[in-house]
Structures are given as C-alpha cells and as structure tokens.
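Below you'll find the structure, written out as structure tokens, and then a few comments.
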2 protein chains.
Amino acid sequence: MSSLADHIEAYIKRMLRSSQTNSVELSRAQMADDFSCVPSQINYVLSTRFTLERGYIVESRRGGGGYIRIGHVQVDDSYAHAANLLKSIGSELDEKQMEDILAYLKDHHVITPRQLQLIRGIVQQEVGSIGQGKNVLRASLVRALLFLIIESES
Amino acid sequence: MSSLADHIEAYIKRMLRSSQTNSVELSRAQMADDFSCVPSQINYVLSTRFTLERGYIVESRRGGGGYIRIGHVQVDDSYAHAANLLKSIGSELDEKQMEDILAYLKDHHVITPRQLQLIRGIVQQEVGSIGQGKNVLRASLVRALLFLIIESES
DNA sequence: AGACTTAAGGTCAGTATTAGTCAAAGAAAG
DNA sequence: CTTTCTTTGACTAATACTGACCTTAAGTCT
C-alpha cells in the first residue's frame with residue numbers, strides 16, 4: 001500500500017495544489033531521475049491516475065524543450081453526478097439512450113434547452129453521414145459534447 | 001514552453017499584434033543575431049509555426065536588401081470564417097490537420113487556449129480508445145466540438 | 001553590357017534532445 | 001492460485017538545432 005506510483009501521484013497533486021494556475025509543467029526525465037525510476041513509469045502514473053475523466057488534462061511535447069503539462073479542473077458538485085453519468089456511457093449509445101440522458105441533464109439544469117437542441121442536431125448530422133458504427137460514433141460524440149459543456153462551465 | 005523556437009515564435013507574434021497592418025518585415029540575419037542562433041533556425045520557426053494552414057503568409061527576397069515579410073490573415077467576420085473552415089473538414093482529419101485548425105482558431109481568438117486544451121484532451125481520449133477509423137472519428141469530433149463552441153457564443 | 005563582388009535568404013541532411021509505446025517480468029491483492 | 005496492478009527497458013517517434021552548401025539580387029568595376 002504505497003507503491004512508487006502512489007508517491008509520484010501524490011507529489012504531482014501536491015504541486016498542483018500549490019500552483020496558482022491549477023497546472024504544472026514537468027520534465028519526464030527529471031521526474032524519473034528524482035524518483036529513481038525509468039521514464040515510462042511517469043507515463044504509467046499519468047495514464048492510470050491523471051485521466052480526463054478525473055478532471056485532468058495532460059499535454060506533452062517531445063524534442064528539445066519538451067515537457068509534460070498537467071492541468072486540473074475542479075468539477076463542482078452539481079456537475080459531479082453529471083460527470084458520473086458520462087462515465088456510464090459505454091462504447092455504444094442508441095438514440096433512445098441518448099434522449100434519456102439529454103432529458104435528464106436538461107431537467108437537472110446541467111444543459112440548457114438550446115444546448116440540448118444543438119447536441120441533437122450535431123449528433124444527427126454526424127451520425128447520418130456514416131454507414132456503419134452509428135451507435136459507436138454517437139457514444140463518442142455525446143460523451144465529448146457533454147464533457148465540453150460540463151468542463152466549460154466549471 | 002521554453003525552447004528557442006518558442007521564444008522566436010512569441011516574439012514574432014508580439015510584433016504582429018502591435019503592428020497596424022498585420023504584417024511585419026524582418027531580417028533573417030538580424031533575427032538570428034538577436035537570438036544567438038544560426039539563420040536557418042528562423043526558417044525552422046517559420047516553416048513549423050507560420051504556415052498558410054494557420055493563416056500566415058510568408059514572403060521573402062534574397063540578395064542585397066533582402067527581407068522576410070510575415071502577414072497574418074485577418075477576416076472581417078471570424079466566426080463566419082470559422083464556420084467555413086469547419087465545412088472544409090472532410091470525412092477524415094489527421095492530427096496535424098487538427099492542430100493547424102486549432103492553432104488557427106486560437107490565433108484568431110475564436111477559441112480560448114483552454115478550449116483548445118479541452119478539445120485536444122477529449123479527442124485524444126475518444127480517438128485513443130478505438131482501433132480503426134481514427135481519422136474519421138477525429139473529423140466528426142472536431143467538427144462537433146467546434147460547432148458547439150461557435151454556436152454557443154453567437 | 002558582362003564579369004566580379006557582396007549581401008542577403010533557402011535547403012537539407014545529420015545530430016541532439018525529449019517523450020511515447022508495448023510487452024514482458026515481477027509484486028500485490030483477492 | 002489467479003487476477004490485477006506495478007515496474008522495467010528496448011524500441012519508436014517527434015521536435016529542435018546546426019552547419020555546409022546552394023540560390024538570388026544588387027552593386028561595382030572595367
């Protein structure tokens with residue numbers, strides 16, 4: 001119970017808390033050196049603990065002056081359960097399931113009626129223009145669009 | 001964000017912003033001297049960051065009195081133009097094309113840096129979890145997310 | 001006008017500097 | 001003992017930087 005990965009996770013979260021901007025930039029090689037581990041260990045920590053779903057945005061660049069930047073967004077409580085709902089969307093989503101989710105979010109004032117309409121229109125447009133895998137695309141789109149709305153407003 | 005190329009990029013963009021005409025003229029050798037680097041470094045920055053896809057026009061002349069002129073395309077109605085840009089996204093979109101579009105929209109203040117980060121993160125997440133048809137999904141997602149942003153703010 | 005000189009900028013391939021991926025081995029938990 | 005989580009390292013990929021060599025334009029001198 002407190003693996004190296006946990007320590008690295010805690011360290012990054014400490015850095016995030018003490019930053020004004022809710023984001024930190026670090027060097028993978030430097031980090032690996034500090035914790036005496038291989039660089040890919042850092043990727044492991046990032047991919048298991050700093051996911052979008054948990055409110056983290058990880059960006060990186062290779063090459064000279066490369067970096068890994070981690071941003072954090074606090075989702076307030078009213079949106080927390082909405083974010084949870086998103087998690088429950090699987091790899092496929094049919095029309096009825098989508099309507100249920102949108103209706104629920106509208107009723108709970110997470111999205112506005114206009115946003116509901118917009119999402120419906122956009123999804124219809126995109127899904128209509130492909131032959132196969134409509135339900136897979138719909139799942140991705142709904143998750144993406146709702147996530148953008150939720151994250152934008154918190 | 002600390003490579004030399006980044007600094008040169010930022011410097012040029014500052015110059016562009018403070019110019020009335022949306023274009024600046026500079027001397028390659030002088031620039032290289034100011035930044036203590038080889039002249040071809042300037043070409044590197046220009047060819048990686050000031051491309052036509054991102055809305056920049058670079059002209060130059062060799063020989064005595066040679067120069068490099070960089071212009072930034074300005075459109076009267078940037079939202080209409082953005083909508084147009086979206087329409088131009090075909091059924092597939094690779095990473096580079098996406099980055100060009102996002103950089104263009106950010107530079108023209110259609111999306112905020114934070115929205116850029118979010119879009120990048122969301123697309124990465126969604127595209128990463130499928131095997132085939134990444135470019136097709138990316139096209140749909142980018143179109144959908146940008147459309148939502150543009151429609152929400154107009 | 002033509003040849004030579006000087007003053008730019010362009011190209012490209014090679015080197016350096018990061019970070020990412022993936023699968024296999026090892027450790028911990030159930 | 002099986003499953004899941006962690007750790008490792010060999011290979012890969014992206015980005016930045018440099019320098020040698022090339023091209024073009026303008027001036028200068030017969």
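Throughout, a chain's letter reflects where its sequence line sits, starting with A, and its residues are numbered from 1.
- A cation-pi arrangement is absent between A:Arg14 and A:Tyr11 under the rule of less than 6.0 angstrom and at most 45 degrees off the ring axis.
- Closest to the side chain of B:Ala5, from the set D:dG9, D:dC17, C:dG9, is D:dC17.
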| request: Decide side chain to side chain contact (heavy atoms under 4.5 Å, CB included) for A:Ile12 and A:Met31; before the verdict, give the C-alpha distance in whole Å, the side-chain angles of both, and the deciding distance to 0.1 Å. | output: CA-CA 10 Å; A:Ile12 294 175; A:Met31 207 62 182; 3.7 Å; yes
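- One N or O donor and one acceptor, one from the side chain of A:Ser40 and one from the base of D:dG9, sit under 3.5 Å apart.
- Taking only distance into account, the side chain of B:Ser27 never meets the base of C:dG9 through a donor-acceptor pair shorter than 3.5 Å.
- What you find for A:Leu93 and A:Arg138 is that their closest heavy atoms are O-NE, 2.9 Å.
- The interatomic distance linking A:Leu4 (CG) with C:dA28 (P) rounds to 12 Å, in whole Å.
- For the pair A:Arg28 CZ and D:dG9 P, the interatomic distance rounds to 13 Å; values are reported in whole Å.
- Each end of the helix from C:dA1-D:dT30 to C:dG30-D:dC1 yields a helix axis from five base pairs, and these two axes differ in direction by 10° (to the nearest 10 degrees).
- If you take CG of A:Asp33 and C1' of C:dA19, they are 15 Å apart, rounded to a whole angstrom.
- One can place CD of B:Glu95 at 12 Å from P of C:dG20, the figure rounded to the nearest angstrom.
- Across D:dT8, D:dC17, D:dT12, the shortest atom-to-atom separation from the side chain of A:Arg62 is found for D:dT12.
- One atom, NE2 of B:His7, and another, C1' of D:dA16, lie 14 Å apart when rounded to the nearest Å.
- If you check every strand for non-hydrogen atoms under 4.0 Å, A:Thr48 touches nothing.
- Using a cutoff of 4.0 Å between basic side-chain nitrogens and carboxylate oxygens, B:Lys134 and B:Asp94 are not scored as salt-bridged.
- If you check the side chains of A:Tyr67 and A:Arg69, you find a donor sitting under 3.5 Å from an acceptor.
- For B:Tyr44 and D:dA16, the shortest distance from a side-chain N or O to OP1 or OP2 is below 4.0 Å.
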| task | Verify side chain to side chain contact (heavy atoms under 4.5 Å, CB included) between B:Leu102 and B:Leu146, making sure each step is shown before the conclusion. | result | CA-CA 9 Å; B:Leu102 295 181; B:Leu146 288 177; 4.3 Å; yes
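- The distance from atom CD1 of A:Ile42 to atom P of D:dT8 is 11 Å, rounded to the nearest whole Å.
- Checking C:dT21, C:dG9, D:dT7 against every side-chain atom of A:Asn43, the shortest atom distance belongs to C:dT21.
- Each of B:Asp33, B:Ile42, B:Leu46 was compared with B:Arg28 under the side-chain contact (heavy atoms from CB on, under 4.5 Å) criterion, and only B:Ile42 meets it.
- When heavy atoms are screened at a 4.0 angstrom cut-off, A:Ser60 is found touching the sugar-phosphate backbone but no base atom.
- Nucleic acid contact class of B:Gly66 (heavy atoms, under 4.0 Å, all strands): sugar-phosphate only.
- Looking at the side chain of B:Ser3, the nearest of the listed nucleotides D:dA16, D:dT8, D:dT6 is D:dA16.
- Atoms CD (A:Gln30) and C1' (C:dT17) sit 14 Å apart, rounded to a whole Å.
- Atom CD in A:Gln115 sits 3.5 Å away from atom OG1 in A:Thr112 (nearest 0.5 Å).
- Remark: A:Arg49 is in phosphate contact with D:dT6, judged by side-chain N or O atoms under 4.0 Å from OP1 or OP2.
- Nucleotide C:dT17 holds its P atom 14 Å from the CD atom of B:Gln41, rounded to whole Å.
- Under 4.0 angstrom from either OP1 or OP2 of D:dA16 there lies at least one side-chain N or O belonging to A:Arg61.
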